[in-house]
Amino acid sequence: MDKVVASAALAVADVPDGASVAVGGFGLSGVPNVLIDALYASGVSGLGVVSNNCGAMDSGLAVLLSAGRISRVTGSYIGGNKEFARQYLGGELELELIPQGTLAERLRAGGAGIPAFYTPAGVGTQVADGGLPWRYDGEGGVAVASPAKEVRDFAGTEFVLEHSIRTDFALVRAAKGDRHGNLVFNKSARNFNPLAAMAGRITVAEVEELVEPGEIDPDHVHLPGVFVQRVVALTPGQAVDKKVEKRTITEREARD
């Protein structure tokens with residue numbers, strides 16, 4: 001089945017207001033910026049986003065965040081995104097902050113058809129006991145707090161029950177993909193992109209290099225096409241447009 005869609009705009013045209021969307025990326029690596037920009041241009045709002053972080057600088061999910069299009073975030077890292085912190089502390093959006101490994105497994109489990117699992121991460125903290133502020137009231141108080149989760153003993157060790165994540169849509173970016181949706185990711189872009197793709201009921205992948213079926217060695221496929229419904233081929237300019245979050249340089253030693 002040829003899953004290639006003519007444009008990013010067409011690929012996300014049916015994402016409605018209030019949809020839940022899993023978004024790949026790790027920092028600025030492997031972020032589906034073209035699809036996110038298309039989602040912004042569509043005018044959709046009230047989105048529930050599941051992602052490792054919510055963008056940085058003026059790229060990625062920060063585009064939607066700054067425009068007030070996101071109502072809820074499930075993630076594991078806020079980082080240096082001051083607008084994210086401002087909206088969260090001001091009660092403008094809801095945030096479910098969870099351990100990064102737990103987030104990864106909740107996405108993977110959702111794609112694998114596993115409804116829930118036990119993990120030791122978070123036992124003895126508010127992650128398990130409840131009380132984490134999901135939404136503030138804008139005046140310093142907590143409007144919505146996380147509920148307590150089931151904790152169970154296995155062989156003398158306590159584990160907390162975590163539910164898997166399934167979303168209406170997923171947006172991911174791959175270094176290479178074929179027309180059947182088989183994808184290959186590059187280095188740290190592989191951290192969350194495959195997991196986000198698995199969690200989406202409708203997954204859209206933007207690919208830096210589109211190849212024909214059979215050109216990717218099956219042993220090199222990181223995510224099989226069964227998890228991908230739509231593929232968007234990036235232009236050469238879009239494929240190389242990658243930002244650097246923090247640039248550091250070493251000063252040269254003074255010469256006589």
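- Between H222 and F185, the ring planes lie parallel to each other; the angle is under 30°, not in the 30° to 60° tilted range.
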Side chains of residues 163-172: which donor-acceptor pairs under 3.5 Å do they make with residues two or more places apart or in other chains?
unit_1 : atom_1 : unit_2 : atom_2 : d
S164   : OG     : I114   : O      : 2.9
S164   : OG     : P115   : O      : 3.1
R166   : NH1    : M198   : O      : 3.1
R166   : NH1    : A199   : O      : 3.2
T167   : OG1    : F169   : O      : 2.8
D168   : OD2    : S20    : N      : 2.9
D168   : OD2    : S20    : OG     : 3.1

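- Panel note: side chain R135, backbone V142; no donor-acceptor pair is recorded below 3.5 Å.
- Between S71 and G48, the closest heavy-atom pair is OG-N, 4.5 Å.
- Under the 3.5 Å distance criterion, the side-chain polar atoms of Q87 are left unmatched by any main-chain donor or acceptor of F84.
- Here CG of L39 is found 5.5 Å from CG of L47. Values are rounded to the nearest 0.5 Å.
- Salt-bridge annotation for R86 and E92: present, with a side-chain N of the basic residue lying under 4.0 Å from a carboxylate O of the acidic one.
- Proximity of V50 to V21: side-chain heavy atoms (C-beta onward) are nowhere separated by under 4.5 Å.
- Q238 places a side-chain N or O within 3.5 Å of a backbone atom of T235 that can act as its donor or acceptor partner.
- Residues V31 and L234 do not share a hydrophobic cluster, defined by chaining ILVMFWY side chains whose heavy atoms lie under 4.5 Å apart.
- In this structure a side-chain-to-backbone donor-acceptor pair under 3.5 Å is present from S66 to A62.
- In this model, a donor atom of one side chain and an acceptor atom of the other lie less than 3.5 Å apart for E150 and Y118.
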Practice task
Mind running side chain to side chain contact (heavy atoms under 4.5 Å, CB included) on I78 and N53 for me, showing each step along the way?
Solution key: CA-CA 6 Å; I78 295 178; N53 60 65; over 6 Å; no

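- Under a cut-off of 6.0 angstrom, the local environment of NZ in K176 is sparse, with at most 12 non-hydrogen atoms contributed by other residues, nucleotides or ligands.
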Practice task
Give the intermediate values and the outcome of side chain to side chain contact (heavy atoms under 4.5 Å, CB included) for residues V151 and F159.
Solution key: CA-CA 5 Å; V151 176; F159 293 78; over 6 Å; no

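- Looking only at side-chain heavy atoms (C-beta outward), V23 and F192 stay at 4.5 Å or farther from each other.
- Inter-residue side-chain proximity for P16 and V44 is flagged as unmet; no heavy-atom pair is nearer than 4.5 Å.
- With contacts defined as side-chain heavy-atom distances shorter than 4.5 Å, the pair L65/N81 qualifies.
- Listed here is the closest heavy atom pair of V160 and A128: CG2-CB, 3.9 Å.
- Checking side-chain atoms of H180 against main-chain N and O of P213 turns up no donor-acceptor pair under 3.5 Å.
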Problem - Residue pair W134, L97: steps toward the side chain to side chain contact (heavy atoms under 4.5 Å, CB included) verdict - result: CA-CA 8 Å; W134 278 4; L97 194 61; over 6 Å; no

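- At distances below 3.5 Å, at least one donor-acceptor pair connects side-chain atoms of S146 with backbone N or O atoms of G131.
- Side-chain atoms of S29 and S188 form a donor-acceptor pair, as typed in the model, at a separation below 3.5 Å.
- Connection of V4 to V204 is not established within any shared hydrophobic cluster, with ILVMFWY side chains joined at heavy-atom distances below 4.5 Å, either directly or through further cluster members.
- Taking the side chain as every heavy atom from C-beta outward, R106 and F117 approach each other to under 4.5 Å.
- With rounding to the nearest 0.5 angstrom, the CG atom of L64 is 6.5 Å from the CZ atom of R69.
- Here the OH atom belonging to Y77 is positioned 9.5 Å from the CD atom belonging to Q100, to the nearest 0.5 angstrom.
- Remark: side-chain polar atoms of N52 are not paired, donor with acceptor, to backbone N or O of F26 under 3.5 angstrom.
- Looking at E208 and K242, a side-chain N of the basic residue comes within less than 4.0 Å of a carboxylate O on the acidic one, giving a salt bridge.
- In the hydrophobic clustering of ILVMFWY residues, with side-chain heavy atoms under 4.5 Å counting as a link, I216 and L210 come out apart.
- Here the straight-line distance linking atom CG of L183 with atom CG of N193 works out to 8.5 Å at 0.5 Å rounding.
- One finds the CG atom of L93 at 7.5 Å from the CD1 atom of I70 (value rounded to the nearest 0.5 Å).
- Between E206 and R230 no salt bridge is recorded (no basic side-chain N to carboxylate O distance below 4.0 Å).
- For the pair T203 (side chain) and A197 (backbone), a donor-acceptor distance under 3.5 Å is present.
- The minimum heavy-atom distance between G140 and D137, with the atom names listed, is N-OD1, 3.3 Å.
- Atom CG in D37 sits 11.0 Å away from atom OG in S42 (nearest 0.5 Å).
- Scanning all heavy atoms of the two residues, the minimum distance from S76 to P99 falls at CB-C, 4.1 Å.
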Practice task
List the steps, then state whether salt bridge (charged side-chain N to carboxylate O under 4.0 Å, His left out) holds for E162 with K149.
Solution key: CA-CA 8 Å; E162 293 283 0; K149 299 174 181 177; 2.9 Å; yes

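- If you chain together hydrophobic residues whose side chains sit under 4.5 Å apart, F227 and V232 never meet in one group.
- In this structure, N33 contributes its side chain and G60 its backbone to a donor-acceptor pair below 3.5 Å.
- Looking at residues two or more places apart in sequence or on another chain, you find a salt bridge (charged side-chain N to carboxylate O under 4.0 Å, His left out) between D2 and R179.
- Considering every non-hydrogen atom in both A11 and L35, the closest pair reads CB-CD2, 4.4 Å.
- The two residues P32 and G24 make their nearest non-hydrogen contact at CD-O, 3.4 Å.
- V49 and L195 are not part of a single hydrophobic cluster, where members link through side-chain heavy atoms under 4.5 Å apart.
- Counting only distance, with no hydrogens or angles, the side chain of D178 and the backbone of V211 share no donor-acceptor pair below 3.5 Å.
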